[in-house]
Q: 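Below is a structure I'd like to ask you about.
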Number of protein chains: 2
Amino acid sequence: MRHWFIDKEPNGMASWQEAFPDSLVFGRDHLSRIGTGDEPGVLWFRIRAGEVLTAVFHGVALPPRILFVVLADEPSDSLIEEALASGASGCCNTYAAPDVLRQVALVVENGGLWIGRSLLSSLVGSTSRLLAKNGEKARVDNWCERLSERETQVARLVANGASNREIAEQLFITERTVKAHLSAVFEKLAIRDRLQLSLRINGVSI
Amino acid sequence: MRHWFIDKEPNGMASWQEAFPDSLVFGRDHLSRIGTGDEPGVLWFRIRAGEVLTAVFHGVALPPRILFVVLADEPSDSLIEEALASGASGCCNTYAAPDVLRQVALVVENGGLWIGRSLLSSLVGSTSRLLAKNGEKARVDNWCERLSERETQVARLVANGASNREIAEQLFITERTVKAHLSAVFEKLAIRDRLQLSLRINGVSI
DNA sequence: CAAGCCATTGAACCAAAGTACAGTCTCGCG
DNA sequence: CGCGAGACTGTACTTTGGTTCAATGGCTTG
């Protein structure tokens, strides 16, 4: 099973290579060359923040043996809907850990759909209102709305279990700067540490 | 990983037992007794022709370690929507072959959604994949199975965002003891800190 | 009984996380 | 142009988390 990663620029995340050492990372201009052989595989397509899937993924016809997963910088209901409508087998976080990526691969390779635990609740909320019986409405926690772009980026990595050092390396900044961003995040969201941030972002205890 | 099948009458289909020889079949009156232990598993709930899911599956609160799949005598789009809205990880045909059932289990145990061949093909257009290719048996994460009772208790509190001091106060032990339990948990689960423990327990990244 | 697991704790220690109080640089806006 | 916001960094500090040496007592099981 091959794995191709498509990013805007052909750099990609380190975690991708970690998850699938034999995988290949391409820029979007190489998209048309994926899956020309007979080999089955998974195409991971990164959608950056603010982008619309259908705008960057138009007119691409994948053969049925090539499965397709959207990697979302900023997952949202609409993006998931678009992804599924475009034939994707799933939508997961760009910053997901290697273990998670392999898990996603396992699911989609077996014919399942993967939209993530945390995303599931919001999707369900959009497809049906049945859950709103006890007056509890599935409100979406837009935690990132008050955060700057960089703060959001750091917060996401923290929520996936990364240490300050790892985040620093990933973003090419010092550990000190990571701490600065995090302190700002904690204050803006009125939480006290990274674990609570993770719970908040992952929708465990909203 | 346990499998419970709930039918209107506690007879069930032969194919269910064939798919999971250790599974149990109950009538709907036994539904409330499912998942009272710590054991993780999959609950398969049969919806007969003409029935409405929400009418027969109301007010049932399953713990998060119990996954839930709807077995539909007559699958329809609306039933699938209802199923997902009720927290189901999938919806497949009551009369599905044992191989298919095991495939569904494989997908949902790994956090994926399985919404059946027909809808899947209309969305994804992909054919199903072969099952258990490498003979690798994917299992759900029963993290607490190797932990002692006290370790499990501490781990759960950590996963909810508690600090060591808070845990100590709550359990009437010293902070030192909390640390001891946590160190044991980290080693047994092969993880490095409390954030990863939280992700593991909360099913964000298995 | 001996062996082993479990719960508990202490002292000391190191590493990571987070805070306080700075500063530089860039960029957009009125 | 001045001003504010955001990205970035430094030094120093406190707190928290986690490990490494122990040790004690209860409990079950062969």
Side-chain angles (χ1 to χ4, degrees), chain A residues 9 11 13-14 48-50 73-74 94-95 97 142-202 204-205, chain B residues 37-38 142-202 204-205:
Chain A
E9 302 303 320
N11 337 321
M13 306 278 294
R48 290 170 175 261
D73 277 23
E74 288 189 358
T94 299
Y95 306 102
N142 42 4
W143 52 271
C144 57
E145 114 187 310
R146 306 202 40 201
L147 304 185
S148 73
E149 187 178 351
R150 206 57 159 168
E151 287 162 357
T152 306
Q153 213 168 3
V154 171
R156 285 218 171 85
L157 288 167
V158 163
N160 279 311
S163 69
N164 289 346
R165 179 189 306 274
E166 288 169 340
I167 296 171
E169 286 169 1
Q170 183 110 44
L171 300 181
F172 302 106
I173 56 181
T174 65
E175 205 175 323
R176 176 64 190 83
T177 309
V178 175
K179 290 182 179 181
H181 288 313
L182 270 183
S183 288
V185 170
F186 293 154
E187 190 180 354
K188 286 183 181 177
L189 297 184
I191 53 182
R192 71 178 181 209
D193 56 29
R194 60 206 298 116
L195 188 11
Q196 309 226 324
L197 177 61
S198 170
L199 294 176
R200 176 84 178 264
I201 291 184
N202 290 313
V204 176
S205 69
Chain B
D38 274 339
N142 39 7
W143 53 270
C144 55
E145 133 186 292
R146 306 205 40 186
L147 304 186
S148 74
E149 188 177 351
R150 206 58 159 167
E151 286 162 358
T152 306
Q153 212 168 2
V154 172
R156 285 220 170 86
L157 289 168
V158 163
N160 279 317
S163 69
N164 288 346
R165 177 188 308 273
E166 288 169 340
I167 296 172
E169 286 168 2
Q170 185 140 355
L171 300 182
F172 303 106
I173 55 181
T174 64
E175 206 176 323
R176 175 65 190 82
T177 310
V178 175
K179 290 182 179 183
H181 288 313
L182 269 183
S183 288
V185 170
F186 294 154
E187 190 180 354
K188 285 183 182 178
L189 298 184
I191 53 182
R192 70 178 181 208
D193 56 29
R194 61 206 298 116
L195 188 9
Q196 309 226 322
L197 177 61
S198 168
L199 295 176
R200 176 87 177 259
I201 290 184
N202 290 315
V204 176
S205 84

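Quick note on labels: first sequence line is chain A, next is B, and so on, each numbered from 1. Everything numeric in this text was worked out from a predicted model, so none of it was measured.
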Q: Starting from C1' on dT26(C), measure out to CD on Glu149(A) and report it in whole angstrom.
A: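 Nearest whole value for this atom pair: 15 Å.
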
Q: Could you state the NE2-P distance from His181(B) to dG10(C), rounded to the nearest angstrom?
A: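 In whole Å, dG10(C) P lies 13 Å from His181(B) NE2.
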
Q: To the nearest 10 degrees, how far apart in direction are the end axes of the helix from dC1(C)-dG30(D) to dG30(C)-dC1(D), each fit to five base pairs?
A: 40°

Q: Where does the chain B footprint on DNA chain D start and end, counting 5' to 3' with a 4.0 Å heavy-atom cut-off?
A: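 Going 5' to 3' along DNA chain D, contacts run dT16(D) to dC21(D).
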
Q: Give the B/S/- string for nucleotides 11-21 of chain C, one per nucleotide from 5' to 3', where a protein heavy atom under 4.0 Å of the base yields B, of only the sugar-phosphate yields S, and otherwise -.
A: B----SBBBBB

Q: Hey, could you give me the CG/OG distance between Asp193(A) and Ser163(B), rounded to the nearest 0.5 Å?
A: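 Result: 8.0 Å between the selected atoms.
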
Q: Does Arg165(A) have more than 12 heavy atoms from other residues, nucleotides or ligands lying within 6.0 Å of its CZ?
A: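 It does not: Arg165(A) CZ has 12 such atoms or fewer within range.
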
Q: Nearest 0.5 angstrom please: Arg194(A) CZ to Leu182(A) CG, how far?
A: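 Here the rounded value is 6.0 Å.
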
Q: Would you compute the distance between atom CG of Leu197(A) and atom CG of Leu195(A) and round it to the nearest 0.5 angstrom?
A: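 So the CG of Leu197(A) and the CG of Leu195(A) are separated by 9.5 Å.
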
Q: Between Ser148(B) and dC6(C), is there a contact of a side-chain N or O with OP1 or OP2 at under 4.0 Å?
A: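 No, no such contact exists.
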
Q: Closest approach of Ser198(A) and Ala159(A), non-hydrogen atoms and distance?
A: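 Taking Ser198(A) first and Ala159(A) second, the nearest heavy atoms are OG-O, 3.4 Å.
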
Q: How many angstroms lie between NZ in Lys179(B) and CG in Asn164(B), if you round to the nearest 0.5 Å?
A: 6.5 Å

Q: Would you classify Thr174(A) as touching base, sugar-phosphate or nothing, given that sugar-phosphate means primed atoms plus P, OP1 and OP2, and contacts are heavy atoms under 4.0 Å?
A: sugar-phosphate

Q: For Lys188(A) and Leu147(A), what are the C-alpha separation, side-chain angles and deciding distance, and is it a side chain to side chain contact (heavy atoms under 4.5 Å, CB included)?
A: CA-CA 7 Å; Lys188(A) 286 183 181 177; Leu147(A) 304 185; 3.6 Å; yes

Q: Quick one: CZ on Arg150(A) to OG1 on Thr177(A), what's the gap to the nearest 0.5 Å?
A: 9.0 Å

Q: Indicate whether any N or O donor in one side chain lies under 3.5 Å from an N or O acceptor in the other, for Arg156(A) and Gln153(A).
A: no

Q: Go through the steps to decide whether Leu157(A) and Leu171(A) satisfy the test side chain to side chain contact (heavy atoms under 4.5 Å, CB included), and finish with yes or no.
A: CA-CA 10 Å; Leu157(A) 288 167; Leu171(A) 300 181; 4.1 Å; yes

Q: For Thr177(A) and Lys188(A), take the nucleotide of DNA chain D holding the closest heavy atom to each; which residue's nucleotide lies nearer the 5' end?
A: Lys188(A)

Q: When rounded to the nearest 0.5 angstrom, what distance separates CZ in Arg146(A) from CD in Glu151(A)?
A: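 Rounded to the nearest 0.5 Å, the CZ-CD separation comes out at 10.0 Å.
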
